[in-house]
Amino acid sequence: MQGHKPHRFGRAHGDFTGRRSHFYDVLARLVLRPVYRRIAADLAGTVPDDADVLDIGTGPGVLVLELARRRPDVKVTATDLSADMVERAERNLREVGERATARVADATDLPFEDGSFDLVVTSFSMHHWAEPEAAVPELARVLRPGGRLAVYDFRDAPFDRLTGAAGERGLFGGGTGERTLFDTGLFFKRRCERLVLSAQPSPSPSGEWRSRNA
Ligand SMILES: C[S@@+](CC[C@H](N)C(=O)[O-])C[C@H]1O[C@@H](n2cnc3c(N)ncnc32)[C@H](O)[C@@H]1O
């Protein structure tokens, strides 16, 4: 496990089904929305025109809803291990109509063709994944050449396990990306970080990524 301890929040609330999914949906829409707005603003300036965006561990889908609101040209696909969460996401994403779809999927087994997405994003989910390393080949596979993976999570999430697996497998340019602090405006005591990896080897994996948040 390379020293990774599951996040305390994750241990207490690792089950996102039933009433817990209802609770998280309310929390996401009423309390955490400013966090999703910040992340969506960070992403909105960087995704290409008419991009296809995949969110993994989407929960109630509020992040991709906020992104789709900001970028009317973008299509979003929201996925989660929990069918209850997917149901919540479907409901929340109705507002953007056919530009959004939601389906059940594990980060380690994505039901999409190779090269389907320009951006894969995941927020506050990676620290719940049982095997982050096993997700790396799937994350790389579903990205188009030049596509990007953006991971937002608490600082003690297993970012190193993702980049280590990418390095071992020669994916995402060997796992050399840009990892920076990310100010969510909330979670003051738990600092958050953003990791950006490019689907293709590049001397500057984060390329033209322009954060308005850093
Ligand atoms: C704390 S919630 C985060 C939800 C949302 N992304 C957010 O930022 O609020 C974590 C989510 O990750 C999902 N999840 C956990 N392990 C997963 C996996 N292996 N693949 C896909 N989703 C997973 C859980 O079902 C849960 O909905």
Side-chain angles (χ1 to χ4, degrees), residues 1 4 6-43 53-69 76-93 100-112 117 119-142 149-159 161-162 165 182-187 190-195 213:
M1 294 291 280
H4 167 62
H7 195 276
R8 263 185 297 148
F9 183 82
R11 267 209 300 274
H13 300 278
D15 173 12
F16 291 93
T17 59
R19 287 170 57 192
R20 286 172 192 256
S21 69
H22 171 70
F23 171 77
Y24 198 87
D25 181 28
V26 173
L27 184 75
R29 287 184 292 108
L30 302 184
V31 180
L32 301 179
R33 195 177 287 271
V35 174
Y36 304 122
R37 287 193 174 134
R38 280 189 182 226
I39 298 175
D42 192 44
L43 297 170
V53 176
L54 172 65
D55 184 13
I56 298 185
T58 193
V62 183
L63 169 59
V64 276
L65 173 62
E66 290 295 333
L67 178 61
R69 279 177 173 172
V76 298
T77 303
T79 61
D80 201 284
L81 201 53
S82 157
D84 291 333
M85 281 298 202
V86 169
E87 208 181 306
R88 304 268 163 196
E90 266 171 351
R91 202 174 311 163
N92 292 331
L93 286 164
T101 52
R103 61 191 290 184
V104 173
D106 189 322
T108 61
D109 185 14
L110 298 171
F112 306 106
F117 299 98
L119 171 73
V120 175
V121 63
T122 182
S123 63
F124 305 103
S125 176
M126 191 258 292
H127 65 268
H128 291 287
W129 300 354
E131 283 186 277
E133 296 88 346
V136 170
E138 280 296 84
L139 301 172
R141 183 184 67 74
V142 300
L149 167 68
V151 182
Y152 298 81
D153 214 320
F154 297 110
R155 211 174 179 181
D156 55 358
F159 287 100
R161 290 174 64 183
L162 278 191
F182 187 83
D183 180 6
T184 60
L186 281 179
F187 304 133
R190 302 213 66 89
R191 310 284 299 272
C192 296
E193 294 194 0
R194 180 194 66 194
L195 170 71
N213 181 278

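Just so you know, ligand 1 is whichever comes first in the structure, and atom 1 is the first atom listed for that ligand. In this text, all values refer to a predicted model and were calculated from it rather than measured experimentally.
Residues passing the ring-ring contact (aromatic ring centres under 6.0 Å, His included) test with Phe159, sequence neighbours excluded: none.
In this structure, Phe16 and His128 have perpendicular ring planes: the angle between them is above 60°, well past the 30° mark.
Distances from atom 25 (O) of ligand 1 to the heavy atoms of Thr79, Thr17, Asp80, Leu81 put Asp80 nearest.
At a heavy-atom distance under 4.0 Å, only backbone atoms of Thr58 (N, CA, C or O) approach ligand 1. At a heavy-atom distance under 4.0 Å, only side-chain atoms of Phe16, from C-beta outward, approach ligand 1. Contact annotation: for Tyr24 versus ligand 1, heavy atoms closer than 4.0 Å belong to the side chain alone.
Ring centers of Phe154 and Phe124: under 6.0 Å apart, within the cut-off.
Remark: distances from the non-hydrogen atoms of Tyr152 to ligand 1 are all 4.0 Å or more.
Using a 4.0 Å cut-off between charged side-chain N and carboxylate O, Asp25 and Arg29 make a salt bridge.
Less than 4.0 angstrom separates some heavy atom of Asp106 from each of these atoms of ligand 1: 18 (C), 19 (N), 20 (N). Numbered from 1 in the order shown, with element, the atoms of ligand 1 that lie under 4.0 Å from a heavy atom of Gly59 read 4 (C), 27 (O). Heavy-atom proximity to Met85, at under 4.0 Å, picks out these atoms of ligand 1: 27 (O). If you number the atoms of ligand 1 from 1 as listed, the ones under 4.0 Å from a heavy atom of Ala107 come out as 18 (C), 19 (N), 20 (N), 21 (C). Atoms of ligand 1 lying under 4.0 Å from at least one heavy atom of Ala105, given by number and element, are 20 (N), 21 (C).
Residue Gly57 places at least one N or O, backbone or side chain, under 3.5 Å from an N or O of ligand 1.
Neither side chain, Asp84 nor Ser82, offers a donor N or O lying under 3.5 Å from an acceptor on the other.
Here the closest non-hydrogen pair linking Asp80 and Gly59 is OD2-N, 2.8 Å. Of all heavy-atom pairs spanning Leu54 and Thr79, the tightest one is CD1-CG2, 3.7 Å. Across every non-hydrogen atom of Arg194 and Asp42, the tightest pair is NH1-OD2, 2.9 Å.
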